[in-house]
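All values below were derived from every heavy atom in this structure, side-chain atoms included, with hydrogens, water molecules and symmetry-related copies excluded.
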Amino acid sequence: MKKIFSAVIFLFLIQTLNAQSTRSFVSGIKTEAFRSKINLSWILPKKAEGTSVIALLIYRDTRPIENTDFFKKNKPVATLPPSTTSYADEVRDTREYYYAVICSVAEGDFGETDLYYDEELDAVPESVESKPYYIILPGVNATVTGEGIKLSSKKEFTPLPKENKNRTYSENQMRDLPLPFMDILGDEAEHQKTISREAEDSARSLFEGRRKVQKEFLEPYIFEEDIISPNGGDEYLLFEILKVSFIKRDYKKSVQLLSRFTLQNRNEKVLERARFYLGESYYFEQNFPMALTEFLSLKDAYPSLSHKWIESTLTLFEAE
């Protein structure tokens with residue numbers, strides 16, 4: 001009996017793995033709360049033969065999304081392009097939210113190509129019908145822990161009572177502080193209450209230096225692997241993207257090319273570097289929420305480097 005049960009479990013796992021290799025759904029979903037937004041990130045699915053993802057649907061609920069019945073009663077909070085790897089959800093309360101990312105898939109023979117930059121080859125015809133691929137895999141394309149923001153409450157101050165000029169004090173009672181000024185010599189008007197020139201210059205230089213630090217951007221970072229042109233493969237494609245856009249500081253174009261590059265099945269290490277360059281491109285485009293999402297998703301791959309860019313992104317975001 002135990003052998004039969006083990007065989008059933010084994011077959012179920014095999015079917016699940018096979019489904020993951022041919023079906024279209026995102027993986028590695030993560031959430032991170034910042035200010036009034038909850039930032040989501042995920043890894044796009046590998047391109048399956050005969051299918052094409054044409055949109056991503058974002059769902060949100062105050063409870064874990066565990067079955068497909070949820071989609072019959074609720075609409076997505078956002079519909080995103082297929083190359084998107086992150087989303088910033090703006091919320092207005094402190095409740096914890098759970099998310100799911102669903103792929104809308106178009107059936108048909110679209111072929112496979114490595115020309116990530118050719119929009120005519122990669123595009124899906126507008127006439128093609130699509131349908132959402134409703135599948136819930138907790139921890140893969142649906143979050144299992146809630147994420148919420150913390151709203152800062154304004155401190156309430158009790159106004160000071162109006163001064164009673166006719167107040168009298170008993171023999172053993174101390175006067176309120178500060179004590180009133182008494183112009184005994186009668187020359188109060190002759191004295192100007194100013195700080196010294198040295199103190200004023202020091203305060204000005206300190207303030208200007210602080211503002212300069214808040215607006216200082218990091219220098220673009222390039223991994224050693226991408227300095228020299230490789231022979232071919234994913235490394236060469238990434239090198240070409242950097243050469244035509246990132247190195248020239250055309251970060252708008254860099255965002256477009258890197259987003260498309262990360263959509264397809266790539267070498268894991270190359271994909272991690274590409275996503276870091278994508279975060280840098282968002283950073284220099286001053287799209288700080290999207291940059292923060294990319295850097296946060298790479299904390300495990302590049303701990304110290306990601307920490308440096310996360311801190312700078314937060315500083316620049318707060319200085320806006």
Side-chain angles (χ1 to χ4, degrees), residues 26 28 30 32 34-35 37 39-44 56 58 78 80-89 101 114-119 122-123 214-230 233-320:
V26 304
K30 295 180 181 179
E32 185 83 15
F34 178 74
R35 289 192 171 182
K37 296 181 179 179
N39 297 311
L40 287 81
S41 64
W42 55 84
I43 301 173
L44 293 171
L56 297 175
I58 310 298
L80 307 177
S83 61
T84 309
T85 57
S86 59
Y87 173 70
D89 185 28
V101 181
D114 287 334
L115 299 179
Y116 59 90
Y117 50 82
D118 194 331
E119 294 186 2
D122 285 346
Q214 289 180 339
K215 295 185 177 181
E216 184 176 357
F217 282 76
L218 295 174
E219 289 296 323
Y221 180 84
I222 299 179
F223 293 91
E224 294 183 1
E225 296 89 335
D226 302 315
I227 295 178
I228 301 177
S229 176
D234 292 339
E235 291 85 354
Y236 178 77
L237 295 176
L238 178 58
F239 179 84
E240 287 296 308
I241 291 179
L242 300 179
K243 184 175 70 174
V244 301
S245 61
F246 189 84
I247 299 299
K248 296 180 179 180
R249 303 201 175 193
D250 186 353
Y251 298 116
K252 183 177 181 180
K253 183 177 181 180
S254 179
V255 167
Q256 296 175 350
L257 296 180
L258 288 169
S259 296
R260 187 174 295 276
F261 178 83
T262 57
L263 175 63
Q264 299 188 18
N265 184 22
R266 305 291 182 187
N267 176 277
E268 182 178 358
K269 293 298 182 182
V270 178
L271 183 60
E272 290 175 347
R273 299 203 305 272
R275 294 189 63 191
F276 198 92
Y277 291 129
L278 180 59
E280 289 189 65
S281 301
Y282 281 129
Y283 172 90
F284 291 115
E285 278 283 285
Q286 300 189 38
N287 188 344
F288 299 122
M290 296 296 290
L292 182 63
T293 301
E294 294 296 333
F295 293 139
L296 287 172
S297 67
L298 295 168
K299 288 192 298 183
D300 294 336
Y302 309 110
S304 59
L305 185 61
S306 295
H307 176 76
K308 174 183 177 181
W309 284 82
I310 289 171
E311 289 297 318
S312 179
T313 302
L314 291 174
T315 301
L316 291 169
F317 194 20
E318 292 174 354
E320 286 191 326

Backbone N/O of [Y] and side chain of [X]: donor-acceptor pair under 3.5 Å:
X      : Y      : result
Asp234 : Val270 : no
Thr84  : Leu80  : no
Ser245 : Leu242 : no

Thinking salt bridges, do Asp226 and Arg273 make one under a 4.0 Å N-O criterion?
yes
Given ring-ring contact (aromatic ring centres under 6.0 Å, His included), test Tyr221 with Tyr277 step by step and report yes or no.
CA-CA 8 Å; Tyr221 180 84; Tyr277 291 129; 7.8 Å; no
Do you see a donor-acceptor pair shorter than 3.5 Å between the side chains of Thr313 and Tyr282?
no
Hey, are Ser254 and Ser281 close enough side-chain-wise for a donor-acceptor pair under 3.5 Å?
yes
Looking at Ile227, I'd like to know if its CD1 atom is crowded, meaning that more than 12 non-hydrogen atoms belonging to other residues, nucleotides or ligands lie closer than 6.0 Å.
yes
What is the minimum heavy-atom distance between [X] and [Y], and which atoms define it?
X      : Y      : value
Ala88  : Asn39  : CB-OD1, 3.3 Å
Leu263 : Pro82  : CD1-O, 3.2 Å
Glu285 : Tyr251 : CG-CB, 3.8 Å

To the closest 0.5 Å, what do you measure between [atom1] ([X]) and [atom2] ([Y])?
X      : Y      : atom1 : atom2 : result
Tyr87  : Met290 : OH    : CE    : 11.0 Å
Glu280 : Trp309 : CD    : CH2   : 4.0 Å
Thr262 : Leu278 : OG1   : CG    : 6.0 Å
Lys248 : Lys243 : NZ    : NZ    : 8.5 Å
Leu258 : Ser83  : CG    : OG    : 11.0 Å
Leu237 : Leu257 : CG    : CG    : 11.5 Å

Those residues at least two apart in sequence (or on a different chain) that pass salt bridge (Lys or Arg N to Asp or Glu O under 4.0 Å) with Glu294 are Arg275
Between Thr293 and Leu40, does the side chain to side chain contact (heavy atoms under 4.5 Å, CB included) criterion hold? Intermediate values first, please.
CA-CA 7 Å; Thr293 301; Leu40 287 81; over 6 Å; no
Between Phe317 and Phe288, what is the ring plane arrangement, given parallel below 30°, perpendicular above 60°, and tilted in between?
tilted
Atom pairs and distances, donor-acceptor, side-chain atoms in residues 299-306, under 3.5 Å, two or more places apart:
{"residue": "Ser306", "atom": "OG", "partner": "Leu298", "partner atom": "O", "Å": "3.0"}
{"residue": "Ser306", "atom": "OG", "partner": "Tyr302", "partner atom": "O", "Å": "2.8"}

Before giving the answer on side chain to side chain contact (heavy atoms under 4.5 Å, CB included), spell out for Phe217 and Leu316 the whole-Å C-alpha distance, their side-chain angles and the decisive distance to 0.1 Å.
CA-CA 8 Å; Phe217 282 76; Leu316 291 169; 3.7 Å; yes
Do [X] and [Y] have side-chain heavy atoms sitting under 4.5 Å apart?
X      : Y      : value
Arg35  : Glu318 : yes
Asp89  : Ile58  : no
Phe246 : Ile241 : no

Candidate list Thr85, Leu56, Ile43, test side-chain contact (heavy atoms from CB on, under 4.5 Å), partner Val26, passing option:
Leu56
Run the side chain to side chain contact (heavy atoms under 4.5 Å, CB included) check on Ser312 and Tyr283 step by step: do they pass?
CA-CA 9 Å; Ser312 179; Tyr283 172 90; 2.7 Å; yes
CA sep, side-chain torsions, deciding dist, call: Phe239, Ile247, side chain to side chain contact (heavy atoms under 4.5 Å, CB included)
CA-CA 10 Å; Phe239 179 84; Ile247 299 299; over 6 Å; no
